[in-house]
Amino acid sequence: RVGELFAPVNVVWLKPGDLHAPKDSGAYDCPFYKTNVRAGTLSTTGHSTNHVCNFLLPSSVEPSHWIRRGAALVSMTND
């Protein structure tokens with residue numbers, strides 16, 4: 001919906017799979033953050049403490065559509 005900043009997402013089923021399997025070209029590699037701030041301090045490994053992982057989400061539009069909009073999953077909002 002136009003102007004909507006936060007929308008609920010269905011429950012995500014985490015299913016183990018082959019890391020070397022080819023990715024679906026129509027899927028969006030969506031970042032998942034702990035909070036909607038999308039900033040965190042860098043840990044000693046060089047990774048952000050706020051970024052958890054990425055989810056490969058099926059999409060009917062090109063991934064660039066979601067990238068341009070900055071779409072991401074967050075576990076909790078600061079509202």
Trainee: Should N54 and F32 count as side-chain neighbours, where that means a heavy-atom distance under 4.5 Å?
Mentor: no
Trainee: Taking the side chain as everything from C-beta on, heavy atoms only, tell me whether N50 gets closer than 4.5 Å to T35.
Mentor: yes
Trainee: Extract all donor-acceptor atom pairs below 3.5 Å that involve side chains of residues 7-18 and protein atoms in other chains or at least two apart in sequence.
Mentor:
unit_1 : atom_1 : unit_2 : atom_2 : d
D18    : OD1    : H20    : N      : 3.0

Trainee: Taking only residues two or more places apart in sequence or in another chain, which ones pass side-chain contact (heavy atoms from CB on, under 4.5 Å) with S64?
Mentor: E62, R68
Trainee: Decide yes or no for K34 and V74: does some side-chain heavy atom of the first lie under 4.5 Å from some side-chain heavy atom of the second?
Mentor: no
Trainee: Quick check: closest heavy atoms across P63 and A27, and the distance to 0.1 Å?
Mentor: CG-O, 3.4 Å
Trainee: When clusters are formed from ILVMFWY side-chain contacts under 4.5 Å, directly or step by step, what else is grouped with V61?
Mentor: Y28, W66, I67
Trainee: Roughly how far, to the nearest 0.5 Å, is CG of L73 from CG of L57?
Mentor: 5.5 Å
Trainee: Going by the rule ring pair (Phe, Tyr, Trp, His ring centres under 6.0 Å), which residues pair with H51 if we only count those two or more places apart in sequence or in a different chain?
Mentor: Y33
Trainee: Measure across C30 and A71 and return the closest heavy-atom pair with its distance rounded to 0.1 Å.
Mentor: SG-O, 4.1 Å
